[in-house]
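Please read the structure below before turning to the comments.
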Number of protein chains: 2
Amino acid sequence: MSNEIGYTPQAEERPAVTVDVVIFSLFEGALRALLVKRKSPPFAGQWAIPGGFVHLNESLEDAAARKLAEETGVTDVYSEQLFTFGDIGRDPRTRVITVAYFALIPYTAIEHHPGKHESATEWFKFDAMPELAFDHAEIVDYAHQRLRYKLEYTAVGFQLLPDEFTLTQLQRAYEIVLNEPLDKRNFRRKILVADIIEETGAKTSEGEGRPAKLYRYRTDSVTEVKTRRLFP
Amino acid sequence: MSNEIGYTPQAEERPAVTVDVVIFSLFEGALRALLVKRKSPPFAGQWAIPGGFVHLNESLEDAAARKLAEETGVTDVYSEQLFTFGDIGRDPRTRVITVAYFALIPYTAIEHHPGKHESATEWFKFDAMPELAFDHAEIVDYAHQRLRYKLEYTAVGFQLLPDEFTLTQLQRAYEIVLNEPLDKRNFRRKILVADIIEETGAKTSEGEGRPAKLYRYRTDSVTEVKTRRLFP
DNA sequence: ACAAAAGTGTTGAGAGTACACCCATGC
DNA sequence: GCATGGGTGTACTCTCAACACTTTTGT
């Protein structure tokens with residue numbers, strides 16, 4: 001019986017396992033995700049999130065990092081496991097279970113927006129997503145929801161910004177992801193009291209108006225801070 | 001090339017996929033998890049969390065529900081995907097990727113504490129866990145942490161209680177899972193103001209002292225309530 | 001001097017926390 | 001009548017949210 005403990009199923013009974021990565025970045029006033037255009041069936045010509053099969057000699061995190069590097073050229077960026085999608089019919093070829101990840105990369109780390117990889121890639125705003133292959137629309141929606149949620153309670157938002165940034169840039173980033181305007185004085189007080197950023201000592205030189213102080217994210221600060229709980 | 005989009009790997013390149021379920025219940029003053037004693041190698045004779053291979057014709061949720069029913073006899077209980085563990089050496093036989101779930105069952109739903117299934121099962125308190133097979137200690141720790149976290153911000157805690165309960169029972173459940181004493185008046189006010197439970201109209205008849213009002217969880221209430229956010 | 005963006009405090013409302021006594025029932 | 005657990009209110013503190021003007025720079 002295949003459900004008995006200790007039994008190893010033969011290879012032909014095994015599902016295929018892939019990783020898919022929702023890659024977020026923030027530039028030109030919008031939160032965007034990187035999509036690739038599929039060259040082969042099924043869904044040839046349709047957009048999909050980057051992904052591929054997990055090799056037997058790499059961990060899931062390694063597979064996700066490999067896909068990320070292949071599509072964007074970046075390494076050492078924030079990424080996190082999102083959810084595993086395994087419904088029976090999600091891939092018409094065969095049973096495929098996919099472990100979805102999401103990654104945050106600062107726009108300053110993106111080398112060439114047109115993909116240097118052979119496949120066509122493009123950054124899409126969330127309000128202008130094309131139709132997606134497989135169940136990737138569901139995966140992207142879930143990742144977007146999770147990003148907004150995480151941003152409210154943790155400090156991962158800084159992973160979308162360059163190493164040095166102004167408080168106005170930071171506030172804009174929050175406003176874009178949370179999709180609501182924020183009060184400047186309250187925002188600044190709250191961020192500064194949280195003690196997660198520090199001044200670099202430098203100021204912006206370009207741009208109009210009064211130069212702004214530059215800040216950096218304090219990596220020694222706790223990224224996940226406790227908020228007030230609901231229950232009980 | 002195996003990382004090319006559209007390529008389907010041959011069966012012998014595929015990892016095996018299992019589901020493992022951390023099953024929580026609350027009785028005799030402690031939060032407990034159900035473990036099964038392994039009969040076959042590897043780790044024969046050691047305790048492990050219930051799990052098994054995912055069939056090709058069932059979804060991940062179905063596989064988790066099947067395992068849960070096999071070990072406890074219960075169906076229709078709260079369960080949720082936890083995390084997918086896929087490190088290379090986690091199973092010495094072959095590459096095995098496991099999708100971990102956690103489930104909450106009320107003690108009133110447990111039929112016979114000694115497993116009716118052929119395998120030996122036992123409920124263990126968290127401060128008296130035996131050594132576990134594979135990376136199951138890590139999975140159990142992660143599930144425990146996630147349960148405490150979820151309990152503070154959502155109403156899933158009610159899934160550990162019978163359909164009707166008193167406020168004192170509810171407070172005890174929270175105190176056990178959160179591992180801290182709570183103020184009776186503040187607890188009651190907070191729970192009642194949240195508007196997630198309602199009186200059944202009945203009272204307890206057995207037990208010493210003044211009879212207590214019975215409450216039930218309002219299934220029409222929103223289970224995930226918004227708490228005050230940290231940023232910004 | 002003026003346009004453009006940076007920077008800065010106070011007040012009122014709501015929520016959280018700490019804390020002690022009376023009530024209903026069984027024996 | 002007493003032991004046992006159920007049930008109830010208030011005062012203080014702290015955090016959040018709303019809100020407008022001054023400062024620094026480039027042109």
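Naming convention: chains lettered A, B, ... in sequence-line order (proteins, then strands); numbering from 1 in each chain. Just so it is clear, the model here is predicted, and its values are computed rather than measured.
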Quiz prompt | Between dA18(C) (C1') and F187(B) (CZ): distance, integer Å | solution = 17 Å

Quiz item: Quick one: on DNA chain D, does E208(B) or Y215(B) contact a more 5' nucleotide (nearest heavy atom)?
Solution: E208(B)

Practice problem: With DNA chain C as reference, determine whether G207(B) or T166(A) sits nearer its 5' end, using the nearest nucleotide of each. | Solution: T166(A)

Quiz prompt | Y174(B), Y107(B), Y215(B), F158(B) screened by ring-ring contact (aromatic ring centres under 6.0 Å, His included) with F165(B), the one that passes | solution = F158(B)

Practice problem: Write down the distance between CD1 (I191(A)) and C1' (dG7(C)), rounded to a whole number of angstrom. | Solution: 16 Å

Self-check item: Under 3.5 Å donor-acceptor, Q171(B) side chain and L182(B) backbone
Solution: yes

Quiz item: Can you check the F165(A) CZ to dA5(C) P distance for me, whole Å?
Solution: 20 Å

Practice problem: Starting at atom CG of L192(A), determine the distance to atom C1' of dA6(C), rounded to an integer number of angstrom. | Solution: 13 Å

Quiz item: Hey, does T168(B) reach any base, or is it just sugar-phosphate, or nothing, if we go heavy atoms under 4.0 Å?
Solution: sugar-phosphate

Quiz prompt | Closest listed nucleotide, where the reference is the side chain of K190(A) and the choices are dC16(D), dT25(C), dT8(C) | solution = dC16(D)

Quiz prompt | P211(A), nearest nucleotide to its side chain (from dT8(D), dC23(C), dT25(D)) | solution = dT25(D)

Quiz item: Does I49(B) offer a backbone N or O that forms a donor-acceptor pair with the side chain of H136(B) under 3.5 Å?
Solution: yes

Exercise. Starting from P on dG16(C), measure out to CG on L182(B) and report it in whole angstrom.
Key: 14 Å

Practice problem: Tell me what K184(B) touches on the nucleic acid: a base, only sugar-phosphate, or nothing, going by heavy atoms under 4.0 Å. | Solution: base

Quiz item: Does a salt bridge link E152(A) with R148(A), judged by any charged N lying under 4.0 Å from a carboxylate O?
Solution: no

Quiz item: Starting at CD of E206(B) and ending at P of dG5(D), how long is that distance when rounded to a whole Å?
Solution: 14 Å

Quiz item: Under 4.0 Å: is that the gap between some side-chain N or O of R210(B) and OP1 or OP2 of dT4(D)?
Solution: no

Practice problem: Provide, to the nearest angstrom, the distance between the CZ atom belonging to R188(B) and the C1' atom belonging to dG16(C). | Solution: 19 Å

Quiz item: Would you find a donor on one side and an acceptor on the other, under 3.5 Å apart, between the side chain of R172(B) and the backbone of G29(B)?
Solution: no

Quiz item: Within the distance-only criterion (no hydrogens, no angle test), does the side chain of R90(A) pair as donor or acceptor with the backbone N or O of F134(A) below 3.5 angstrom?
Solution: no

Exercise. Determine the sole option in V17(A), I97(A), T84(A) for which the side-chain contact (heavy atoms from CB on, under 4.5 Å) test with I97(B) is passed.
Key: V17(A)

Kindly give the atom pairs (protein nitrogen or oxygen, nucleotide nitrogen or oxygen) under 3.5 Å for nucleotides 9-13 of chain C.
from: dG9(C); atom 1: O6; to: R189(A); atom 2: NH2; distance (Å): 3.0
from: dT10(C); atom 1: O4; to: R189(A); atom 2: NH2; distance (Å): 3.3

Quiz item: Roughly how many Å is it from NZ in K213(A) to P in dA6(C), rounded to a whole number?
Solution: 13 Å

